[in-house]
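Both counts, for ligands and for their atoms, begin at 1 and track the order of listing. For reference, positions follow the sequence shown, starting with 1. In this text the structure is predicted, and so the values were computed from the model without any measurement.
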Amino acid sequence: MKKTKISGFVSLILVVALMFAVVFGVKNISTPAPAAPAGGAAIEGAVDGTYTATAKGFGGDITADVTIAGGAIADVQVMGPNETEGLGSVAVEKLPGAVLAAQSLNVDMISGATVSSTAILAALDDCLAQAGIDSSKLTGVVSEAAEKTEETLDVDVVVVGAGGAGMTAAIEAKQDGKNVVILEKMPYVGGNTTKASGGMNAAGTKMQQAQADATEDEAEREALLDSTVENYITDTMAGGHDINDPELVRTMAENSSDAVDWLESIGAPLPVVAPTGGTVHYYLHEPEDGSAVGEFLVQFYTQKLDEMGIEVLLDTEATELISEEGKVTGVKAESPTAHLTVNAASVILATGGFGANFDMLASFDPALADAVTTNTPAATGDGIVMAQEIGADTVDMEYIQLHPTVFQENGFLVSERLRSNGAILVNSEGNRFTNDLATRDAVSQAELKQPGAYAYIVYDSKYAEEKLYQKYVTNGLTVSADTLEDLAAEMGLEGEAVENFTATVEKWNAVCNGEAEDEFGRNNGLVTLDQAPYTAIKIAPGVHHTMGGLKINTAAEVLDADGNAIPGLFAAGEVTGGVHGGNRIGGNAVADIVVFGRISAQSACAYADAQ
Ligand code: ADP
């Protein structure tokens, strides 16, 4: 993800053209657009050409082609042959015309087809990024005639943010029979959750037991059975340098097994269990098909929201909490067409972190002003700011996690799962330099000390067929070769570095075969690298997760500076602080959003019932 700064861009957008397209049945998706967008000027940074991208739709791949001509979006084509007839197919048919007419991605999703709509917009966003266009800055066609209306909505529970925490909370609240609405500032759902690349940590689960029963590998069996709630607490606290809020950690750990069962019960099972980076234990629960947990959950959740009739107002940015006599009673928001007041018994903030707000990052660590981020441009800390304005307290704001394996050109995150599956990190001299599966902050710091402050993640082809691995190839991150020497050449290693590199892999294989101790103390993901072709990705640290955020208690109530719960205000996910302490271990973001997403909804519903 390109480094992006956004600020309230949606308030300018009026998608009159979409209404035109829908009302008048404009179907021709290749209608040429004006040479430049309405308003005259070409889109900033746009490079003319035709760009292609693919995203996973409901029925399979959706491919988008965008042609930029004269600095404007000149043509939009979308192919999604396997989308559900009458639902996803409508999105495939309508959205290209709407985007073309609006010269923006700020168009309404097709109701009932959020999975397809999300995939189409994600693919179009990718095309625009390839063309050098920051889609969040496209304000669309502005109609001078249209004025925003004043609108009011009355609900039991309003959820702000349709990432993993928000969607979990909304589903849980709806299951409780509440009238719930989600406000989402982007034209699509998912937030940073879409990018969660590993699995979801949980302890003491029936999936761990089943895998322990099935495996013939005694060490794996032992590690699985040892992945208990108490060890999960210890590992999470140790990973967070023991500054985590122990009560929040215990709450997450004790509710984690129930959370994976809940996901299974609503149709999103995570049956495959794998080791968690930074620990020797097996807490990571993953989808059966090897897909990344974030994409899997976001796709599932969007479909579930449709099914349950939960309304998501896209392009609707919450700007202010409504507070009366110390109680939060709703949210003010801006949509392209309205100033919106949502009156609610309870408000759940699920707006994510601030990993894409470079001013905010730099206020805690000036070195991060120009960092690469893995975050979506939406991660600007809005929920933290809004809650602070009414007296909420924050915690651990200065703890900002760098992820050690980020492709620097576009902020694409390379999952820890690769290292769990045997990948190693090698520097430009062809040498390993750290326990590759130490905590993220430790590995990042080790990388920054290498020549050039970068490294390569190197792996063989044992898992090449998995979706996760294929994504790196299709996104152009990888170099591959049939021999280690040729791979070294592809990586740009020369002379002694090539010899070092082949010797490094040999040494690693000896460790995996039990012939030697690992010099860096790595004791998990011991899988040999011996199956050609071999692959490498050049990586370096990038901003990944903001551990700090709003201070909450174990009921996900937001606390004020005196430690008192602010009535009516709840929060879950990356907008909160305390769960991860000084460093989040991989797999705990999803554990956090599912466990605390549910708890925030349970508390919000109980509070609403009591009003
Ligand atoms: P989490 O992992 O905690 O669920 P995510 O980053 O996945 O966090 O999701 C946060 C969501 O909140 C994103 O979809 C983001 O666009 C949305 N969001 C952020 N700020 C606002 C806001 N002011 N109003 C509405 N939605 C917001």
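A donor-acceptor distance shorter than 3.5 angstrom exists from the side chain of Gln408 to the backbone of Ala540, with no hydrogens or angles considered. In terms of modelled atom types and a separation under 3.5 Å, the side chain of Glu151 and the main chain of Ala338 share no donor-acceptor contact. Looking only at distances, no side-chain donor or acceptor of Asp176 sits under 3.5 Å from a matching main-chain atom of Lys178.
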Do Thr276 and Tyr232 pass the side chain to side chain contact (heavy atoms under 4.5 Å, CB included) test, and can you show the C-alpha distance, the side-chain angles, and the key distance before you say yes or no? CA-CA 10 Å; Thr276 294; Tyr232 181 29; over 6 Å; no
Please evaluate residues Val579 and Asn244 with respect to the criterion side chain to side chain contact (heavy atoms under 4.5 Å, CB included), reporting the C-alpha separation (whole Å), side-chain torsions for both, the decisive distance (0.1 Å), and the verdict. CA-CA 6 Å; Val579 174; Asn244 325 43; over 6 Å; no
Derivation and outcome, side chain to side chain contact (heavy atoms under 4.5 Å, CB included), residues Thr302 and Val312: CA-CA 9 Å; Thr302 45; Val312 186; over 6 Å; no
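Nearest non-hydrogen protein atom to atom 5 (P) of ligand 1 is Asn192 N, 3.5 Å. For atom 25 (C) of ligand 1, the nearest non-hydrogen atom of the protein is Lys185 N, 3.3 Å. The protein non-hydrogen atom at the shortest distance from atom 9 (O) of ligand 1 is Gly163 CA, 3.2 Å. Here the protein heavy atom with the shortest distance to atom 2 (O) of ligand 1 is Thr193 OG1, 3.1 Å. Of all protein heavy atoms, the one closest to atom 8 (O) of ligand 1 is Gly352 CA, 3.4 Å. For atom 17 (C) of ligand 1, the nearest protein heavy atom (residue, atom name, distance) is Glu184 OE1, 3.3 Å. Nearest non-hydrogen protein atom to atom 19 (C) of ligand 1 is Thr351 O, 3.3 Å.
Note that OG of Ser117 and CD1 of Ile62 are 8.5 Å apart. Values are rounded to the nearest 0.5 Å. Separating the OG1 atom in Thr373 from the CZ atom in Phe354 is a distance of 11.0 Å, to the nearest 0.5 Å.
Among the atoms of Ala378, none of the N or O lies under 3.5 angstrom from an N or O of ligand 1. Where the criterion is an N or O separation shorter than 3.5 Å, residue side chain and backbone included, Ala318 meets it with respect to ligand 1. Inclusion of Asp382 in the set of residues having an N or O under 3.5 Å from an N or O of ligand 1 is warranted.
Close approach to Glu317 involves these atoms of ligand 1, each under 4.0 Å from a residue heavy atom: 23 (N), 24 (N). If you number the atoms of ligand 1 from 1 as listed, the ones under 4.0 Å from a heavy atom of Gly164 come out as 4 (O), 7 (O). Taking every non-hydrogen atom of Glu574 and a distance limit under 4.0 Å, the qualifying atoms of ligand 1 come out as 3 (O). Atoms of ligand 1 lying under 4.0 Å from at least one heavy atom of Gly191, given by number and element, are 5 (P), 6 (O), 7 (O), 9 (O), 13 (C), 14 (O). Within the listing of ligand 1, atoms 24 (N), 25 (C) sit less than 4.0 angstrom from a heavy atom of Val160. The contact set between ligand 1 and Gly573, taken as ligand atoms under 4.0 Å from a residue heavy atom, comprises 3 (O). In summary, the atoms of ligand 1 found under 4.0 Å from a heavy atom of Met186, numbered by their order in the structure, are 16 (O). The distance from ligand 1 to the heavy atoms of Gly190 drops below 4.0 Å at these ligand atoms: 7 (O).
Side-chain contact, Asn343 with Asp154: a donor N or O sits under 3.5 Å from an acceptor N or O.
Which of Ala350, Ala379, Gly161, Gly381 comes nearest to atom 10 (C) of ligand 1 through a heavy atom is settled by distance: it is Ala350. When Ala162, Ala165, Gly353, Gly166 are ranked by how near their heavy atoms come to atom 4 (O) of ligand 1, first place goes to Ala165.
Contact record, Val293 with Met200: CG2-N, 4.3 Å, taken as the closest heavy-atom pair.
Heavy-atom separations between Thr168 and ligand 1 are all 4.0 Å or longer.
No more than 12 heavy atoms of other residues, nucleotides or ligands lie within 6.0 Å of CD in Glu44, so this atom counts as exposed by the packing criterion. Within a 6.0 Å radius of NZ in Lys327, other residues, nucleotides and ligands contribute 12 heavy atoms or fewer.
Partner of Lys185 under the side chain to side chain donor-acceptor pair (under 3.5 Å) criterion, chosen from Asp315, Thr351, Thr380: Thr380.
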